[in-house]
Amino acid sequence: MKTIIAEKPSVAREIARIVSATKREEGYFEGGGYAVTWAFGHLVQLAMPDGYGIRGFVRDNLPVIPDTFTLVPRQVKTEKGYKPDSGVVAQIKTVTRLFKESEQIIVATDAGREGELIFRYLYHYTGCTTPFVRLWISSLTDKAIREGLRNLEAGGKYDNLYLAAKARSESDWLVGINGTQALSIAAGHGTYSVGRVQTPTLAMVCARYWENRRFTPEAFWQLHIATDGCDEGTVKFSSSEKWKEKEPATELYNKVKSAGTATVTKAERKEKTEETPLLYDLTTLQKEANAKHGFTAEQTLEIAQKLYEKKLITYPRTGSRYIPEDVFAEIPKLLAFIGALPEWRGKVQPKCVPTRRSVDDSKVTDHHALLVTGEKPLFLSKEDSIVYQMVAGRMIEAFSEKCVKDTATVTAECAGVEFTVKGSVIRQAGWRAVYGEEYKEETAIPNWQEGDMLTLKGCSITEGKTKPKPLHTEATLLSAMETAGKDIEDDALRQALKDCGIGTPATRAAIIETLFKRGYMERCKKSLVPTEKGLALYSVVKTMRIADVAMTGEWEKNLARIEREELPADTFRREIEAYTREITSELLSCDKLFSRRDSGCKCPKCGTGSMQFYGKVVRCDNAECGLPVFRLKANRTLSDDEIKDLLTDGHTKLLKGFKSKQGKSFDAIVTFDGDYNTTFVFPERKTTKKFSGRKK
């Protein structure tokens, strides 16, 4: 008998059908000489510190650096601590028996770093010695599964993938466990979670928040002139210069106004070619789904995974935007399939040879870019359909012709002021015709030549204000994570820096969600806004390496090198252990940042503890309570006296100077809600009662 192990029951069911394992047993399918079983994600994980006999957060125990990590069944948190999940334990028992009774194991967990780790941890935990081979496929269509089973690969081929996954898992444990315990000990109360990837990600959100909030807008003035462009209608020029003072701008405006004409000093015309966009990888799909449809990164990943399991798209957790030559051979047939869908009729040119920009074997790692599979997308929800059609639409764009434009830049001089206007006309719409938006930004410019005299139809002066960088959205944060915080718009350059990013396409959504779950940031429409707790943590760690995006990016680069057999895993492990000792010592010394003084007020929640002032937070000293009250509310810091009013009376007086997320000032009373979270109460507006004068 051979045992096939999949990552989840739904995938196991599809594989079981292909190999005729139709008899359902407890925890597996059987038949045709196969047993097909499954994991529930990670059945086995690294033990928590108590697995090494270390309980509680104790300064003298840090750093915790096991000589060898212990594997345990996946744990669930209970009132008495962490306990093995009973369902997981039962499934491990089933898998262990099947492994032992088999002549061969076929590994069918997701074909990627984490899927490999799921199997290897389970294999080592069970003490299994049965030989195993690898099913490595990029889609779950019947054809792909059958071809994969005919071309099984040696299990040892993916040893380095496992070593990279193991190094990632252990480094996250070392930095996360020790960093969290050290900072929480320094704080004296509460738990401050930090991590190898989550803390640099939070730092990017907080840094952008403060940059935005502390930005001081500066006024500027700009001049504009309008002239008749004949067939092109009125053409509007803007001054090349912007003035920070109104007086010189107004003086020049008056001169321009009386001039009446402008002279063309330069006229440049060029042909501009816009390359087709590359196919989607997961991160690019998540960014565009967030920007265009408001989907969260996690939501997009969940939908993509669902579409993959329905056999509609290829493996979603890919970091490549390219396909290999053998897959390119299938593209004409897939484009014909897409062109027959109602949403894309007329968008795919029949017998058109697909362009090759997204074809490059050397840039395909574990999996190629996202493609539809050719299975009909039936009975999809609205959200599922949106993501599916995004993948299909991007395929048409990626394999269409380039977009070719005629561009023009004309410079004119009037009363000593230089004015410019830019325009473009589409000559070949190419890929821009797919969504029918090719002519929206088209601006035709007359065929003016140097020396032409233009008669002014009007002129104006406008006042503007400089704007800060906007707060991060999930789309911009994903970009920042992908490029280790560098603001890069160029598509090719961003691709080149992918190895230096933080997190992976498969984990970035989970990292962002972790920051929400731990109360470090929240969504405000599409913007990501750090909470008071997030800002308080950032204020402590912002100058430390734990918040250094570039350093974490280098670690990710090294994990990729382990995968490619360019760096020994032991070398990386020693580097992480050395850093763990450094960051533990650094965070333990933060107790001065958490220095406290007594507020003189009892805790309003538990009634037994005393509220202590710590920098930006006031906290109950009863360890079982630990109620936090953050000073910063809506861009205003509450004073000691205002905090004391809140603690003793349950509310403050009416306070002025708060600012909304839109930048508007408001007055409010700060009070506690039923769970002792601070909230605003707004004073009632005084209204004048009208009396009819009639007696009742």
Do [X] and [Y] meet the criterion of a side-chain donor-acceptor pair at a distance under 3.5 Å?
X      : Y      : result
Thr476 : Ser479 : no
Arg518 : Ser193 : yes
Gln198 : Thr514 : no
Arg321 : Ser358 : no
Asn447 : Gln449 : yes
Lys457 : Thr234 : yes

Check whether more than 12 heavy atoms from other residues, nucleotides or ligands sit under 6.0 Å from atom CD of Glu275, and answer yes or no.
->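 Atom CD in Glu275 is packed in, count exceeds 12.
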
For Leu587 and Ala182, which heavy atoms make the closest approach, and how far apart are they?
->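 Smallest heavy-atom distance, with atoms named: CB-CB, 3.8 Å.
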
Can you name the closest pair of heavy atoms from Trp431 and Glu397 and give their distance?
->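 Result for this residue pair: CB-O, 3.4 Å.
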
Please assess Lys272 against Ser424 for the test side chain to side chain contact (heavy atoms under 4.5 Å, CB included), listing each intermediate value before the final yes or no.
-> CA-CA 9 Å; Lys272 181 183 177 184; Ser424 65; over 6 Å; no

Does the pair Ser460 and His224 meet the rule for a side-chain hydrogen bond (donor to acceptor under 3.5 Å, both in side chains), with working shown?
-> CA-CA 5 Å; Ser460 60; His224 312 275; 4.9 Å; no

Met521: which of Leu535, Thr201, Val529, Ile512 passes side chain to side chain contact (heavy atoms under 4.5 Å, CB included) =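 Going through Leu535, Thr201, Val529, Ile512 one by one, the side chain to side chain contact (heavy atoms under 4.5 Å, CB included) with Met521 is satisfied by Ile512 alone.
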
Between the main-chain N or O of Pro248 and the side-chain N or O of Glu245, is there a donor-acceptor pair closer than 3.5 Å?
->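 Judged by distance alone, no pair lies under 3.5 Å.
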
Test: Lys242 cationic atom under 6.0 Å from Phe220 six-membered ring centre, within 45° of axis =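 Positive - Lys242 is close enough to the ring of Phe220 and near enough to its axis.
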
Name the one of Lys287, Gln286, Arg523 that satisfies side-chain hydrogen bond (donor to acceptor under 3.5 Å, both in side chains) with Glu474?
->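 Answer after filtering Lys287, Gln286, Arg523: Arg523.
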
Criterion salt bridge (Lys or Arg N to Asp or Glu O under 4.0 Å) on Lys402 and Glu274, from CA distance to verdict = CA-CA 6 Å; Lys402 300 172 183 177; Glu274 289 187 352; over 6 Å; no

